[in-house]
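Below, chains carry the letters A, B, ... as their sequence lines are ordered, and counting in each starts from 1.
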Amino acid sequence: MHRATRSYRSDLARVRGLGSAKEGAREWWMTRLTSAALVPLTVWFVVSIVGLVGADHAAVVAWLGSPVAAGIMILFIVVTFHHTQSGLKVVIEDYVHVEWLKIGAIVLVTFASIVLALAAIIAVLVIAFGD
Amino acid sequence: MPTQDRPLSPHLQIYQPQLTWTMSISHRLTGIALAVGTLLLVYWLIAAAQGPEAFATAQALVGSWIGRLLLFGWTIALFYHLANGIRHLVWDTGLWLDLPSVYASGRGVLIATALLTIVTWIAGYWFRGGA
């Protein structure tokens with residue numbers, strides 16, 4: 001069993017040979033969509049936080065007590081963690097080549113993003129509707 | 001799989017640092033830094049939801065010298081990732097892809113990052129009452 005011609009293609013690549021799963025466009029598009037959304041949201045976030053430098057608890061409660069501020073904050077959280085998850089996923093896919101480690105890291109990043117986003121949203125809702 | 005006898009392309013340390021590729025990897029690195037930074041945002045929101053005492057602790061932590069140093073780093077990362085992200089969105093439309101434009105927009109991103117960071121921190125100290 002010898003090869004007549006030397007090829008640099010791996011056995012796996014030769015066997016698969018089918019190209020991509022053809023579902024990448026949506027991921028690519030979602031990253032762009034969240035990027036575009038994060039431009040105004042990030043500006044709003046930075047301006048809001050600068051206005052809260054050194055603020056006490058009452059000031060923050062008053063700020064997020066406004067439905068507009070709480071709404072934009074929740075939107076900022078959702079889009080931020082969506083973007084974070086998709087960005088970290090690409091980084092992992094590019095640099096982690098041990099299959100189980102790659103899948104494990106992507107699962108971890110996805111779960112962590114969802115849990116953190118949920119925790120932040122609940123915190124905003126407690127501040128907005130609590131007391 | 002006989003992947004080990006494939007030819008390897010030259011690795012990072014062999015290349016002269018250029019604005020193009022250093023800014024590209026910086027986009028990823030700032031993205032990863034900002035992903036870590038979301039942990040502070042979630043902690044800060046949860047502390048605010050818990051009440052005045054927990055929030056005072058969070059504010060003291062953020063206001064400490066190490067807290068400010070981290071925030072300063074995250075401010076740079078945020079504005080860099082924002083400005084360079086807009087540069088990427090422009091590229092996605094097919095514009096600014098020639099080399100002179102790539103260098104010009106790259107310098108523009110660096111200048112914008114510096115200016116926005118400085119303005120934000122001056123504004124932050126201003127709102128705090130010039131402390």
Side-chain angles (χ1 to χ4, degrees), chain A residues 3 6-13 28 31-32 35-36 38-39 42-43 45-47 49-61 63-64 73 76-77 80-81 83-85 87-88 90-91 94-95 97 109 112-113 115-128 130-131, chain B residues 1-7 25 27-32 34-39 41-56 58-59 62-63 68 71 74-75 78-79 81-86 88-89 92-93 116-117 119-129 131:
Chain A
R3 293 181 196 154
R6 180 89 161 68
S7 168
Y8 286 121
R9 293 194 76 196
S10 68
D11 295 339
L12 190 62
W28 186 91
T31 305
R32 269 69 197 168
S35 317
L38 278 170
V39 174
T42 302
V43 172
F45 175 74
V46 170
V47 170
I49 293 299
V50 165
L52 284 170
V53 173
D56 58 1
H57 185 252
V60 174
V61 172
W63 171 54
L64 284 178
M73 191 67 196
F76 175 71
I77 291 163
T80 290
F81 279 104
H83 188 81
T84 301
Q85 189 273 338
L88 289 180
V90 170
V91 171
D94 282 355
Y95 302 128
H97 302 302
V109 160
S113 298
V115 170
L116 287 169
L118 190 65
I121 291 166
I122 291 171
V124 171
L125 292 176
V126 167
I127 297 165
D131 300 337
Chain B
M1 278 192 296
T3 50
Q4 67 280 1
D5 54 352
R6 290 179 181 181
I25 193 63
H27 194 71
R28 290 209 153 173
L29 291 174
T30 52
I32 294 166
L34 291 168
V36 177
T38 61
L39 295 174
L41 174 64
V42 174
Y43 161 69
W44 187 77
L45 285 171
I46 290 174
Q50 280 179 327
E53 281 164 40
F55 185 71
Q59 286 294 71
V62 170
R68 285 187 212 189
L71 269 189
W74 273 316
T75 310
L78 184 68
F79 284 131
H81 202 83
L82 178 69
N84 204 48
I86 293 170
H88 266 284
L89 288 174
D92 289 338
T93 68
L116 288 168
T117 302
V119 167
T120 300
W121 276 73
I122 288 174
Y125 276 98
W126 183 278
F127 271 94
R128 202 165 174 263

Quiz prompt | Contact class of A/Asp94 relative to chain B, heavy atoms under 4.5 angstrom | solution = side chain

Quiz prompt | Region of B/His88 in contact with chain A, defined by heavy-atom distances below 4.5 Å | solution = neither

Practice problem: Would you mind checking which part of A/Leu64 comes under 4.5 Å of any heavy atom in chain B, side chain (CB onward), backbone (N, CA, C, O), both or neither? | Solution: side chain

Practice problem: Tell me, for B/Leu39 versus chain A, whether the close heavy atoms (under 4.5 Å) come from the side chain, the backbone, both or neither. | Solution: side chain

Practice problem: Sort A/Val60 into side chain, backbone, both or neither according to what part of it lies under 4.5 angstrom from a heavy atom of chain B. | Solution: side chain

Practice problem: Let me know if B/Leu41 has heavy atoms under 4.5 Å from chain A in its side chain, its backbone, both or neither. | Solution: side chain

Quiz item: Between A/Phe81 and B/Val42, does a side chain to side chain contact (heavy atoms under 4.5 Å, CB included) hold up when you go through it step by step?
Solution: CA-CA 11 Å; A/Phe81 279 104; B/Val42 174; 3.8 Å; yes

Quiz item: Which answer fits B/Phe79, side chain, backbone, both or neither, if we ask what part of it has an atom under 4.5 Å from a heavy atom of chain A?
Solution: side chain

Quiz item: Quick one: of B/Gly63, B/Ala56, B/Gly85, B/Gly51, who has the most non-hydrogen atom pairs under 4.5 Å with chain A?
Solution: B/Gly51

Practice problem: Under 4.5 Å heavy-atom distance to chain A, tell me which part of B/Leu82 shows up: side chain, backbone, both or neither. | Solution: side chain

Quiz item: Checking heavy atoms, do the side chain of A/Val46, its backbone, both or neither come under 4.5 Å from chain B?
Solution: side chain

Quiz item: A/Ile49 versus chain B, heavy atoms under 4.5 Å apart: side chain, backbone, both or neither?
Solution: side chain

Quiz item: Looking only at heavy atoms, what is the nearest atom pair of A/Ala123 and B/Ala49, with distance?
Solution: O-CB, 3.6 Å

Quiz item: Non-hydrogen atoms of chain B under 4.5 Å away: do they reach the side chain of A/Ile121, the backbone, both or neither?
Solution: neither

Practice problem: For chain A, find which of B/Ala48, B/Ala54, B/Ala58 contributes the most heavy-atom pairs closer than 4.5 angstrom. | Solution: B/Ala48

Quiz prompt | Main-chain N/O of A/Ala55 paired to B/Gln59 side chain as donor or acceptor, under 3.5 Å | solution = yes

Quiz item: Which bit of A/Leu116 comes within less than 4.5 Å of chain B, counting heavy atoms only: side chain, backbone, both or neither?
Solution: both

Quiz item: Taking atom CZ of B/Arg128 and atom CG of A/Leu52, what is their separation to the nearest 0.5 Å?
Solution: 13.5 Å

Practice problem: Please flag which part of B/Trp44 lies under 4.5 Å from any non-hydrogen atom of chain A: side chain, backbone, both or neither. | Solution: side chain

Quiz item: What are the two closest non-hydrogen atoms of B/Ile25 and A/Tyr95, and how far apart are they?
Solution: CD1-OH, 3.7 Å

Quiz prompt | Step-by-step side chain to side chain contact (heavy atoms under 4.5 Å, CB included) determination, A/Val124 to B/Leu45 | solution = CA-CA 7 Å; A/Val124 171; B/Leu45 285 171; 4.1 Å; yes

Quiz item: Which one, B/Asp92, B/Thr38, B/Ile46, B/Thr120, leads in non-hydrogen pairs under 4.5 Å with chain A?
Solution: B/Asp92

